There are 2 protein chains.
Amino acid sequence: MLIFADELYNEQEMTEFNNFFKSAFSVDNVIFGFDEGDLKVLLIKRGAEPFKGKWALPGDLVYPNEDLDAAAGRVLEELTGLREVYLEQVKAFGAVNRHPLGRVITVAYYSLIKINKYVVTPASFAQKAKWHSIAEVNDLAFDHNEILNACFDRLKQRVRTRPLGFELLPPKFTLTELQHLYEAILETELDKRNFRKKILSMNLLIDLDETQEGVAHRPAKLFEFDRDRYEKLVKDGFSFELKESKRKLVPTQS
Amino acid sequence: MLIFADELYNEQEMTEFNNFFKSAFSVDNVIFGFDEGDLKVLLIKRGAEPFKGKWALPGDLVYPNEDLDAAAGRVLEELTGLREVYLEQVKAFGAVNRHPLGRVITVAYYSLIKINKYVVTPASFAQKAKWHSIAEVNDLAFDHNEILNACFDRLKQRVRTRPLGFELLPPKFTLTELQHLYEAILETELDKRNFRKKILSMNLLIDLDETQEGVAHRPAKLFEFDRDRYEKLVKDGFSFELKESKRKLVPTQS
DNA sequence: GCGGGAGGTGTATTTATTACACTATTCCGG
DNA sequence: CCGGAATAGTGTAATAAATACACCTCCCGC
């Protein structure tokens, strides 16, 4: 059977196809948070087969009248109560045998949330949700390790070129906290002076003229992300797009 | 009905789900080629409703026992006869109404082929396949404009950081041809001297000590992509990964 | 042999990245 | 109230990368 081109997508083919081929699509959401200097991911312990007892990414089948992005947002909201957070699709995973019970293609998303805003939801599954340090995650259900890695890689890439870090921090933060966040995401150490120079040169931080309280040392200044200015820059066509320095294959245009 | 977490993915739910919700998934493939100084994309004229007579990306439903990537490869091979070409998944498109006849989630891929290797296949649909200059594509069927744009953006991004251009050129090429290719992909002009300096500093080109023939001017030297060296570099952990220069948010590590 | 046409080449300037170490401020305990 | 612990905060010099820019070369065909 060749379904192709002209034949593709006409009604009869589609019905036929559906009749002999049961399938479903789902979304899986890698929910990132940042706490205690560690990048974390929210996992759910499976209470049923397959993979009963294993940790898995939160996910769900996509509803008939639901856009793909909406499904990912719903998973997030049902689990955390949060809406309007940063959410980005990464890619689809569709190996034939990725799901032991049937053919399920899943689309992976990641989201960035302020972990202190996360409230344990009353839903029954919530008690089985738990934050895991990204370094300590191992052996997830299904192909979820692969999905997690893909999402983490995407986050690493994004964070270098767009001011995403702020999505993971409370509204007021210190430069050191911000640096630790970047270090956790990039899995590397950064030079303090260079980091500050770079971040401040973006002009996207508002100096609140406030300082930390309750610390046993010189308190750090607090900053706020200037979302308005960021959005204005983006709207005016200012690009936070990819430029690279070393080993670049093509000269950057001026 | 809440299908979630614990409940998610068990057999009963999946069967139920399938019974009341007919759906399908497909792949669409943006096939890029380069000819006459222009970046081209291979489109198919639809011979049936919906969108009869409109140009569309080649695509197909994913077969039951076929990995997602394999489906994309099959679409490419059926259309062009080519295997083992560069093929990369970009993302999934899953708006509820993206397909007028039902719920179809599609996963977009792009591939890079040497256009002169493309042979018109004997299949019936082949006569309706045609290369279009990317600048002249407009008003495709379904959401295929959006898909094309996403794939083109991804290609632009990739070509800056990985030596992909060679996939689109014949085995032997001149530096000017290579530059024109990059210009077509990046939609910008590049400085000849800087481009050559950069490309040659990669050390991924083999100078064949041959020259063009049959041109009415000084013939250019021919080069070949050093695939072995490239693969060795990748294997040895040399990274062609993203680095950016201007407006970078985080200092690059040494 | 000369005119057309693309091929090929180098340097100086500007900008970005990196490396690097000490002083400042606050809290706390003795 | 003094000293120590702990983190905050700051600048400059060296290196590396990106950019801008113009002329001579070579081959063909007439």
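Proteins come first, then strands; the chains are lettered A, B, ... in the order of their sequence lines, and each starts at number 1. Here the structure is a predicted model, which is why all the values come from computation and not from measurement.
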Let me have the donor-acceptor pairs involving side chains of residues 217-227 of chain A, under 3.5 Å, with sequence neighbours excluded, atom names and distances please.
{"unit_1": "K221(A)", "atom_1": "NZ", "unit_2": "D207(A)", "atom_2": "OD2", "d": "2.9"}
{"unit_1": "D226(A)", "atom_1": "OD1", "unit_2": "R229(A)", "atom_2": "N", "d": "3.1"}
{"unit_1": "R227(A)", "atom_1": "NH1", "unit_2": "E167(A)", "atom_2": "OE2", "d": "3.3"}

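Evaluation of the side chain to side chain contact (heavy atoms under 4.5 Å, CB included) rule for E177(B) yields F173(B), T174(B), Q212(B) as partners, not counting sequence neighbours. The salt bridge (charged side-chain N to carboxylate O under 4.0 Å, His left out) search around D69(A) returns none, not counting sequence neighbours. Take T211(B) and apply the side-chain hydrogen bond (donor to acceptor under 3.5 Å, both in side chains) test, not counting sequence neighbours, and it matches no residue. With sequence neighbours excluded, the residues satisfying side-chain hydrogen bond (donor to acceptor under 3.5 Å, both in side chains) with K197(B) are N194(B). Taking D38(B) as the reference, S133(B) meet the side-chain hydrogen bond (donor to acceptor under 3.5 Å, both in side chains) condition, with sequence neighbours excluded.
Among the heavy atoms of the strands lying under 4.0 Å from A220(B) are primed sugar atoms or P, OP1, OP2 only; no base atom is included.
The distance from atom NZ of K198(A) to atom C1' of dA19(C) is 15 Å, rounded to the nearest whole Å. The interatomic distance linking E213(B) (CD) with dC28(D) (C1') rounds to 13 Å, in whole Å. Protein atom CD of Q212(A) is 12 Å distant from nucleotide atom P of dT26(C), rounded to whole Å. Note: CG (L200(B)) to P (dT9(C)) measures 8 Å, nearest angstrom. Computed from coordinates, the L175(B) CG to dG8(C) C1' distance equals 9 Å when rounded to whole Å. When rounded to the nearest whole Å, the span between NE2 of H217(A) and P of dG9(D) equals 10 Å. Atom CZ in F195(B) sits roughly 14 Å away from atom P in dA18(D) (whole-Å rounding). Atom-to-atom, CD of E210(B) to C1' of dC26(D) comes out at 18 Å; the value is rounded to the nearest Å.
In this structure, CZ in R160(B) is found 5.0 Å from CG in L186(B), a value given to the nearest 0.5 Å.
Checked options I134(B), I185(B), L164(B), I113(B); the residue passing with F32(B) is I134(B) (criterion: side chain to side chain contact (heavy atoms under 4.5 Å, CB included)).
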What's touching nucleotides 22-25 of chain D from the protein side, N or O pairs under 3.5 Å?
{"unit_1": "dA22(D)", "atom_1": "N1", "unit_2": "R193(B)", "atom_2": "NH1", "d": "3.2"}
{"unit_1": "dT25(D)", "atom_1": "O2", "unit_2": "R218(B)", "atom_2": "NH1", "d": "2.7"}

Interface polar pairs with nucleotides 11-14 of chain C, N/O, under 3.5 angstrom:
{"unit_1": "dT11(C)", "atom_1": "O4", "unit_2": "K197(B)", "atom_2": "NZ", "d": "3.0"}

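For residues 208-217 of chain B, the set of pairs meeting the salt bridge (charged side-chain N to carboxylate O under 4.0 Å, His left out) definition, not counting sequence neighbours, comprises K172(B)-E210(B).
Summary of the strand contacts: R196(A) and A216(A) both lie near DNA chain D, and taking for each the nucleotide with the nearest heavy atom, the more 5' one is attributed to A216(A).
Close to dA8(D), at under 4.0 Å from its OP1 or OP2, lies a side-chain N or O of T176(A).
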